[in-house]
Amino acid sequence: MGEEAHASVLDCLGEDQLVELDSGSNCHQTVTFAGEKIFVIGEFKDDILQSCGVRIFDKSTGKWTIPTVLGSKPVSIKAHSAILLGKDRILVVKQNLSLDGCAWFLEIDTPFIREQRSILGTEVVAWIKGVIEDDSPVPIVISGPSGVGKGTLIMKLMKEFPSTFGFSVSHTTRLPREKEKDGVHYHFAQRSIMEKDIRDGKFLEYASVHGNLYGTSFEAVEAVADQGKRCILDIDVQGARSVRASPLKALFIFICPPSFEELENRLRSRGTETEEQVQRRLSNAWAELEQGKSSNLFDHVLVNDELEACYRKLKKILALHGSTEPAYPPSPKSGKLPVCRSISRSDEKILIHGKTAEAGTRPSVTCTVEASLLSGGAPGRTKGLKLHETSSDSPGNGLNGIRLL
Ligand SMILES: Nc1ncnc2c1ncn2[C@@H]1O[C@H](COP(=O)(O)OP(=O)(O)OP(=O)(O)O)[C@@H](O)[C@H]1O
Ligand SMILES: Nc1nc2c(ncn2[C@@H]2O[C@H](COP(=O)(O)O)[C@@H](O)[C@H]2O)c(=O)[nH]1
C-alpha cells in the first residue's frame with residue numbers, strides 16, 4: 001500500500017486504541033496503535049496473494065514498512081477486529097463461526113520479536129494461532145551426538161505409536177544418503193535457498209552441524225500438529241538451545257552413548273559417512289556430550305546402551321504404557337464463537353462483542369477475556385495461546401465466556 005492510499009487510513013485515526021477502517025461485516029483492515037507505531041492489518045490490494053498482510057507506520061519517522069512476517073498467517077482475514085494486548089501483542093478475532101481458527105495473535109514487540117528484529121535487521125511481526133485448549137502434549141526435542149541412536153529410537157516410537165507421534169522433517173544442505181527420501185527424512189535444500197528462507201524468518205531454529213546447515217521450519221512443526229500428532233524433533237544441541245530460548249514449549253531429552261568407543265563403533269558400522277566425516281562427527285561429539293550432560297538444557301538424559309532397555313525408559317518418560325496409543329482429550333473444535341463484531345476493553349477485561357448466527361438464539365453475545373490470563377505464545381500452534389470455553393450456558397452453543405491462555 002503506498003503512502004497516498006494510506007493517507008485516508010490515517011485521516012480516520014482517532015484517539016482510541018482501535019479504529020476499524022471499514023466497520024461492519026466487510027471490515028478489511030484494522031488499525032492498532034502501539035506507542036510510536038501504527039499497525040494496519042488486513043488485505044492489501046498490492047499483495048499478489050491477496051492474503052492477510054501487515055503494514056507498519058512509524059509516527060517518529062513518518063515511514064511505512066512491510067515487516068518480515070513469521071509464523072503461518074491466517075489464510076483470510078477479511079472480516080476481523082483487533083486490539084492491543086499489553087504493549088507487545090495484538091489480538092485479532094476473525095468473524096469465523098468455528099472456534100478453531102477464529103483467534104489470532106500478532107506479536108509485535110515480545111522478547112522473541114526483539115531478538116528476531118536484531119538478527120534479521122528488519123521490522124518483524126509473528127502470527128500465532130490461538131489454539132483450542134486440548135491439553136495437547138508438548139513437542140519432544142531429542143538430541144545427542146551423531147551415531148548415538150536418536151533416529152533408531154524415534155523410528156521405534158513412530159512404528160509402535162503411528163497415530164500419536166509425527167516427525168518434524170528438517171531442512172539440510174547435506175547430500176541425501178542412499179535410502180533417504182526428500183520430504184520424508186529431510187527436505188534436502190540448496191544452501192543459498194535455505195539461507196534465504198532463514199533470512200525470511202521461516203525457521204524456528206537452525207545451526208551449522210558437521211559442516212552443513214540444518215534447520216527446523218515453522219511449517220515442519222505445524223504440519224505435525226495439523227495431523228493432531230505430537231511432534232518429535234531430532235536436532236543437535238545448538239538447535240535444542242535455540243528451541244529452549246524460543247517461546248515454543250517442549251520436552252528436551254538428551255541421548256548418551258554407554259562409552260565413546262561404542263559411539264565410534266556405531267557411527268562406523270552404520271557406514272554412511274566417509275572416514276573424514278566420521279572423524280569430524282566424533283570430534284564434535286565431545287563438546288555435545290559435555291553440554292548435554294552438564295547444562296540444564298535437558299529435562300532427561302538417557303544412556304542408550306541396550307536398545308530395548310533405553311526404549312523402555314523413553315516410553316516411561318513419555319508416559320506410554322504397553323503398545324496402546326494414548327487417548328488424548330477431545331478438543332472442543334466444534335464449539336462456536338459468536339460472530340465477532342468488535343472488541344473493546346473494560347478494566348482488565350477484553351470484551352468480544354458478538355452475534356450468534358443461528359436462528360432463534362440470542363441476537364448478541366459478549367465474550368469476556370481476562371487480560372491477566374494472556375501470556376506466552378509462539379509461532380506455530382504447538383504452543384501458544386489457548387482458547388477454550390469457560391461456560392456455555394447460552395442457547396445455541398453461543399459462548400458467553402472464552403479464556404485465552
Ligand atoms: N542401543 C544400540 N545398540 C547398538 N547399536 C545401536 C543402538 N542404537 C542404535 N544403534 C545403531 O547405531 C547406528 C547409529 O544409530 P542412529 O542412526 O539411530 O544414530 P543417530 O543418533 O540418529 O545419528 P545421527 O545424529 O547421525 O543421525 C545405527 O546403525 C543403529 O542401528
Ligand atoms: N539444529 C538442527 N540439527 C539437526 C536438524 N536435523 C538434524 N539435525 C542434527 O544433525 C546431526 C546430523 O544428522 P545426520 O542426519 O546428517 O546424521 C544430528 O545430530 C541431528 O540431530 C535440525 O533441523 N536442526
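For ligands, and for the atoms within them, numbers begin at 1 and follow the listed sequence.
- The Gly239 neighbourhood of ligand 2 comprises atoms 1 (N), with distances under 4.0 Å to a heavy atom of that residue.
- Of the protein's non-hydrogen atoms, the one nearest atom 15 (O) of ligand 2 is Tyr186 OH, 2.5 Å.
- Here the protein heavy atom with the shortest distance to atom 19 (O) of ligand 2 is Lys150 NZ, 3.6 Å.
- In this structure, atom 10 (N) of ligand 1 lies nearest to the protein heavy atom Arg266 CD, 3.9 Å.
- Look at Glu123 and Arg55 and you find no salt bridge, because none of the NZ, NE, NH1 or NH2 atoms lies under 4.0 Å from a carboxylate O.
- Summary of contacts: the protein heavy atom closest to atom 21 (O) of ligand 2 is Asp234 OD1, 2.7 Å.
- In this structure, Ser269 falls outside the shell of residues with a heavy atom less than 4.0 angstrom from ligand 1.
- Using the six-membered ring where Trp is involved, Phe260 and Trp286 have ring planes that are parallel, under 30° apart on the 30 and 60° scheme.
- Residue Asp305 places a heavy atom less than 4.0 Å from ligand 1.
- For the pair Ser146 and ligand 2, the shortest N or O to N or O distance does not fall below 3.5 Å.
- Within ligand 2, counting atoms from 1 as listed, the ones closer than 4.0 Å to a heavy atom of Ala207 are 1 (N).
- Closest approach of Val54 and Phe39 over heavy atoms only: CG1-CD2, 4.2 Å.
- For ligand 2, the polar-atom distance check finds an N/O of Thr216 within less than 3.5 Å of one of the ligand's N/O atoms.
- Using a 4.0 Å heavy-atom cutoff, His185 is absent from the residues neighbouring ligand 2.
- Using cut-offs of 30° and 60° on the angle between ring planes, the pair Phe112 and Phe218 is perpendicular.
- In this structure a side-chain-to-backbone donor-acceptor pair under 3.5 Å is missing from Lys202 to Asp197.
- Note on ligand 1: Arg281 sits in its first shell, one or more heavy atoms being nearer than 4.0 Å.
- Nearest protein neighbour of atom 23 (O) of ligand 2, counting heavy atoms only, is Ser170 OG, 2.6 Å.
- Residues Asp305 and Cys310 fail the side-chain proximity criterion, which asks for heavy atoms closer than 4.5 Å.
- At least one donor-acceptor pair closer than 3.5 Å links the side chain of Arg266 to the backbone N or O of Val148.
- Looking only at protein heavy atoms, the nearest one to atom 26 (O) of ligand 1 is Ser146 OG, 2.6 Å.
- By the 3.5 Å distance cut-off applied to N or O atoms, Tyr214 is counted among the residues near ligand 2.
- The main-chain N or O of Phe165 is never found under 3.5 Å from a side-chain atom of Arg230 such that the two would form a donor-acceptor pair.
- In terms of protein heavy-atom proximity, atom 25 (O) of ligand 1 is closest to Lys150 NZ, 2.6 Å.
- Shortest contact from atom 14 (C) of ligand 1 to any protein heavy atom: Gly147 O, 3.5 Å.
- Among all non-hydrogen protein atoms, the one lying nearest atom 8 (N) of ligand 1 is Asn304 ND2, 3.1 Å.
- Counting atoms of ligand 2 from 1 in the listed order, those under 4.0 Å from a heavy atom of Arg174 are 14 (P), 15 (O), 16 (O).
- Looking only at heavy atoms of the protein, atom 17 (O) of ligand 1 is closest to Arg270 NH1, 2.8 Å.
- Proximity of a side-chain donor or acceptor of Asp58 to a complementary backbone N or O of Lys63 within less than 3.5 Å is not detected.
- A donor-acceptor contact under 3.5 angstrom links the side chains of Thr272 and Arg270, judged on distance only.
- For atom 24 (N) of ligand 2, the nearest non-hydrogen atom of the protein is Glu205 OE2, 2.7 Å.
- Below 4.0 Å from some heavy atom of Arg281 lie the following atoms of ligand 2, by number and element: 12 (C), 14 (P), 16 (O), 17 (O).
- With a 4.0 Å heavy-atom cut-off, ligand 2 is reached by no atom of Glu288.
- Only the side chain of Val209 comes within 4.0 Å of ligand 2, counting heavy atoms alone; its backbone N, CA, C and O stay farther away.
- Counting heavy atoms from C-beta outward, Leu302 and Ile317 have side chains that approach closer than 4.5 Å.
- Less than 4.0 angstrom separates some heavy atom of Pro145 from each of these atoms of ligand 1: 21 (O).
- Residue, atom and distance of the protein heavy atom nearest to atom 31 (O) of ligand 1 are Thr152 OG1, 4.0 Å.
- A heavy-atom distance below 4.5 Å is found between the side chains of Leu263 and Leu282.
- When hydrogens are left out, the protein atom nearest atom 3 (N) of ligand 2 is Asp236 N, 3.1 Å; that is the closest non-hydrogen contact.
- Side-chain contact between Glu306 and Pro258: absent, with no pair of heavy atoms (C-beta onward) separated by less than 4.5 Å.
- In summary, of the residues considered (Phe203, Tyr206, Tyr186), a ring pair (Phe, Tyr, Trp, His ring centres under 6.0 Å) with His171 occurs for Phe203 alone.
- The closest side-chain donor-acceptor pair between Thr68 and Thr122 falls under 3.5 angstrom.
- Remark: side-chain polar atoms of Gln238 are paired, donor with acceptor, to backbone N or O of Ser208 under 3.5 angstrom.
- In this structure, atom 22 (O) of ligand 1 lies nearest to the protein heavy atom Gly151 N, 2.8 Å.
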